[in-house]
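This report refers to the structure that appears directly beneath it.
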Amino acid sequence: MELNKQNAEMALQEASKSNPGVWVDHSRYVAWACEKIALHCKHLSAEQAYLFGLLHDIGRYAGVSSEKHLIDGYRYCMERGWKKAAQICISHAFMIQDVDTSIGVFDVSDDEYLFMKEFVANAVYDDYDRLVQLCDSLALPTGFCFLEKRFVDVTIRYGVHPATVDRWKKILEIKELFEKQTGCSVYTLLPGIVENSFC
């Protein structure tokens, strides 16, 4: 099945019916952030970036879970032939390529954990992986926000992990990478970010 906007939108709509939640609006804002930043990166397709952002949490269709949504999303996309989207379903949670830096709970089988451990260690990240990692930290369900607000939001829900600060540093490093490519602060590309960050 071809990965296009119609199929991706339909997938998210169906997933939202099977497991309604704020994750759906979050996914939309991640997609919009990916698109808006990619428009200013010559080597990226804004359409592809949007699709990868939209589907990054699609594994949540299977119900409320922690890290299980990563492998559920991977399988969902692989079944449809969406290989890069499948990778991003896992890679978006591991800006540092080590599953031990996870801030969630591995509510998966031993075999699934080993698969994810090997997959993350051996994945070849490109700027689509990095863009979704960044935009995942720029998007609340209510709109775009400064990274620090999202960092606090996630930490309140998941707690402080030994890798928390290193994960923040990596996201800030990725932000700098895209700001060199776009020639501006990524914040200036996201409408309503100031208002949403301070509400």
Side-chain angles (χ1 to χ4, degrees), residues 23 26-27 29-31 33-34 37-38 41 43-44 48-49 52-60 65-78 82-140 144-182 185-187 190:
W23 71 272
H26 162 71
S27 296
Y29 278 109
V30 171
C34 287
I37 294 171
C41 299
H43 66 298
L44 296 180
Q48 286 295 303
F52 296 145
L54 196 70
L55 295 173
H56 81 284
D57 269 348
I58 196 68
R60 295 200 182 279
S65 66
S66 185
E67 300 300 61
K68 185 175 185 295
H69 85 277
L70 306 177
I71 197 160
D72 284 341
Y74 173 84
R75 288 175 175 148
Y76 181 98
C77 291
M78 286 299 288
W82 303 340
K83 188 174 181 180
K84 184 61 184 181
Q87 173 169 311
I88 289 174
C89 283
I90 294 179
S91 71
H92 80 268
F94 300 102
M95 59 290 299
I96 300 170
Q97 289 188 243
D98 180 349
V99 294
D100 290 335
T101 63
S102 164
I103 58 171
V105 175
F106 280 100
D107 46 352
V108 297
S109 69
D110 290 344
D111 287 344
E112 288 170 333
Y113 173 80
L114 291 174
F115 170 82
M116 290 174 66
K117 184 179 179 70
E118 184 175 344
F119 184 91
V120 170
N122 295 311
V124 178
Y125 287 6
D126 62 19
D127 276 354
Y128 288 111
D129 296 89
R130 288 183 278 270
L131 182 59
V132 176
Q133 290 164 357
L134 172 62
C135 293
D136 194 23
S137 292
L138 288 169
L140 292 168
F144 306 122
C145 65
F146 296 144
L147 289 175
E148 291 80 2
K149 181 165 184 174
R150 177 72 168 151
F151 290 166
V152 171
D153 166 66
V154 171
T155 303
I156 286 172
R157 288 186 288 118
Y158 287 90
V160 178
H161 183 278
T164 293
V165 173
D166 288 336
R167 288 168 59 92
W168 291 349
K169 288 179 179 177
K170 188 65 177 180
I171 290 296
L172 292 168
E173 179 184 310
I174 294 170
K175 176 177 174 282
E176 289 182 11
L177 170 74
F178 281 102
E179 289 181 336
K180 287 180 182 176
Q181 294 181 25
T182 60
S185 168
V186 295
Y187 293 146
L190 305 176

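Everything numeric here is computed off the predicted structure, so don't read it as measured data. Residue numbers count from 1 along this sequence.
Taken from CD1 in I58 to CH2 in W23, the straight-line distance is 4.5 Å, to the nearest 0.5 Å.
For the pair Q181 and D127, the minimum side-chain heavy-atom distance is below 4.5 Å. E112 places a side-chain heavy atom less than 4.5 Å from the side chain of R75. Within the 4.5 Å cutoff, side-chain heavy atoms of L134 are placed close to those of I37. Y29 has its side chain out of reach of L140: every pair of non-hydrogen atoms, C-beta onward, lies at least 4.5 Å apart. Looking only at side-chain heavy atoms (C-beta outward), K117 and D100 come within less than 4.5 Å of each other. Contact annotation: the side chain of V99 approaches that of Y113 to within less than 4.5 Å [non-hydrogen atoms, C-beta and beyond].
Heavy-atom minimum distance, G59 versus D72: O-CB, 3.6 Å. What you find for F52 and A85 is that their closest heavy atoms are CE2-N, 3.7 Å. The heavy-atom pair separating R150 from S137 by the smallest distance is CB-O, 3.1 Å. Among all heavy-atom pairs drawn from I90 and L70, the shortest one is CG1-O, 3.7 Å. The minimum heavy-atom distance between V186 and F178, with the atom names listed, is CG1-CB, 4.3 Å. Closest of all the heavy-atom pairs between C89 and C77 is SG-SG, 3.9 Å.
D107 places no side-chain N or O within donor-acceptor distance of the main-chain N or O of S65, the cut-off being under 3.5 Å. A donor-acceptor distance shorter than 3.5 angstrom exists from the side chain of Y187 to the backbone of L147, with no hydrogens or angles considered. With hydrogens and angles disregarded, no donor-acceptor distance shorter than 3.5 Å links the side chain of D136 to the backbone of Q133. Distance alone, capped at 3.5 Å, places no donor-acceptor pair between the D111 side chain and the L114 backbone. The main-chain N or O of I88 is never found under 3.5 Å from a side-chain atom of H56 such that the two would form a donor-acceptor pair. Here the side chain of E67 pairs no donor or acceptor atom with the backbone of V108 at under 3.5 angstrom. A donor-acceptor pair is defined here as one N or O able to donate and one able to accept, closer than 3.5 Å; no such pair exists between the side chain of R167 and the backbone of I96.
The environment of CD in E148 is crowded: more than 12 heavy-atom neighbours from other residues, nucleotides or ligands sit within 6.0 Å.
Ring geometry, H92 versus H69: the interplanar angle falls from 30° to 60°, so the pair is classed tilted.
Here the options are Y74, F119, W82, the test is side chain to side chain contact (heavy atoms under 4.5 Å, CB included), and the partner is Q87; only F119 passes.
For the pair D153 and R157, the salt-bridge criterion is met [side-chain N within less than 4.0 Å of a carboxylate O].
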